[in-house]
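Throughout, residue positions are numbered sequentially from 1 according to the sequence presented.
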Amino acid sequence: QVQLVESGGGLVQAGGSLRLSCSASGRTSSMYGMAWFRQGPGKEREFVAAIKWSGGTTDYADAKKGRFTISRDNAKNTVILQMNSLKPEDTVVYYCAAPVQYLGTFGSSWRRRGDYAYWGQGTQVSVSS
């Protein structure tokens, strides 16, 4: 089992920045990478970004490229999501997730919610206009 805990959410003005962290514990040696998703009220949980443990390669949802940056600290089993130029529509709950198996090359598999077995509890991000 892997446990994930997010932190770093909060309230920020439009145009500001936030840095989300996700710390993993438990059987972290079985992890292949991690991802961030987000979900607004009444909406589907959507993919934001993913990073592989080996090599640190990354993948982003098209709409997040340029504003969001995912990074990892393997030694600390932590993944960071740096969010810049935040907009009011970024006001949602952000979740980190980890797959239970290797998902291969970046593509649809890393972007599907169903491919992730472990989830954090979520952290609220609120962006005021």
Side-chain angles (χ1 to χ4, degrees):
Q1 291 289 327
V2 173
Q3 295 78 43
L4 304 175
V5 178
E6 302 100 335
S7 61
L11 175 64
V12 65
Q13 288 188 332
S17 299
L18 278 176
R19 185 174 182 265
L20 305 183
S21 296
C22 178
S23 296
S25 60
R27 295 187 60 184
T28 57
S29 60
S30 65
M31 293 174 58
Y32 297 97
M34 291 174 69
W36 287 95
F37 286 73
R38 70 183 199 176
Q39 187 171 20
K43 296 187 177 181
E44 293 289 321
R45 192 169 296 187
E46 63 174 0
F47 171 79
V48 175
I51 187 166
K52 293 183 181 180
W53 248 216
S54 177
T57 51
T58 58
D59 185 33
Y60 295 90
D62 290 343
K64 308 303 182 293
K65 288 181 180 178
R67 293 196 302 126
F68 292 7
T69 302
I70 189 171
S71 60
R72 96 278 194 226
D73 183 334
N74 287 29
K76 297 181 179 179
N77 294 317
T78 298
V79 169
I80 304 296
L81 184 68
Q82 178 67 41
M83 304 186 295
N84 299 325
S85 301
L86 284 164
K87 306 174 182 179
E89 50 264 43
D90 294 319
T91 297
V92 291
V93 178
Y94 288 75
Y95 298 88
C96 66
V100 71
Q101 61 185 8
Y102 183 59
L103 299 179
T105 57
F106 281 131
S108 59
S109 59
W110 284 87
R111 299 185 175 202
R112 282 195 299 259
R113 174 182 178 179
D115 286 320
Y116 291 83
Y118 304 111
W119 292 87
Q121 80 287 355
T123 185
Q124 175 72 49
V125 170
S126 298
V127 184
S128 62
S129 57

Exercise. Roughly how far, to the nearest 0.5 Å, is OG1 of Thr91 from CZ of Arg38?
Worked result: 9.0 Å
Exercise. So do Pro99 and Asp115 actually touch side chain to side chain, heavy atoms under 4.5 Å?
Worked result: no
For this session: List the steps and the verdict of side chain to side chain contact (heavy atoms under 4.5 Å, CB included) for Val48 and Tyr95.
Result: CA-CA 10 Å; Val48 175; Tyr95 298 88; over 6 Å; no
For this session: Please round to the nearest 0.5 Å and tell me the distance separating atom CD of Gln13 and atom CG of Leu86.
Result: 11.5 Å
Exercise. If we only count heavy atoms from C-beta on, is the Arg19 to Ile80 side-chain gap below 4.5 Å?
Worked result: yes
For this session: Spell out, as yes or no, whether a donor-acceptor pair under 3.5 Å connects the side chain of Ser109 to the backbone of Leu103.
Result: yes
Exercise. Which atoms form the tightest heavy-atom contact between Ala49 and Tyr60, and what is the distance?
Worked result: CB-CD2, 3.6 Å
Exercise. CZ/Phe68 to CG/Leu18 distance, rounded to the nearest 0.5 angstrom?
Worked result: 9.5 Å
Problem set entry | Minimum side-chain heavy-atom gap Met34-Leu4 below 4.5 Å | yes
Problem set entry | Arg111 side chain vs Phe47 backbone, donor-acceptor pair below 3.5 Å | no
Problem set entry | Any donor-acceptor pair under 3.5 Å from Trp110 side chain to Gly104 backbone | yes
Exercise. How many angstroms lie between OH in Tyr94 and CE in Met83, if you round to the nearest 0.5 Å?
Worked result: 5.0 Å
For this session: Indicate if Val100 and Tyr102 have the same hydrophobic cluster label, given that clusters are the connected sets of ILVMFWY residues with side-chain heavy-atom separations under 4.5 angstrom.
Result: no
Exercise. Taking C-beta and beyond as the side chain, do Asp90 and Arg67 meet within less than 4.5 Å on heavy atoms?
Worked result: yes
For this session: Answer yes or no: is there a side-chain heavy-atom contact under 4.5 Å between Arg45 and Trp119?
Result: yes
Problem set entry | Heavy-atom side-chain proximity of Val79 to Arg72 below 4.5 angstrom | yes
Exercise. If you round to the nearest 0.5 Å, how far is CD of Gln82 from OG of Ser17?
Worked result: 5.5 Å
Exercise. Which pair of non-hydrogen atoms, one from Lys52 and one from Phe106, has the smallest distance, and what is that distance?
Worked result: CG-CZ, 3.5 Å
Exercise. How are the rings of Tyr116 and Phe37 set to each other: parallel, tilted or perpendicular (split at 30° and 60°)?
Worked result: perpendicular
Exercise. Is a donor on one side and an acceptor on the other found under 3.5 Å between the side chain of Glu6 and the backbone of Gly122?
Worked result: yes
Exercise. Rounded to the nearest 0.5 Å, how far does CD1 of Ile51 lie from CG of Asn74?
Worked result: 8.0 Å
Problem set entry | Heavy-atom side-chain contact between Gln1 and Tyr118 under 4.5 Å | yes
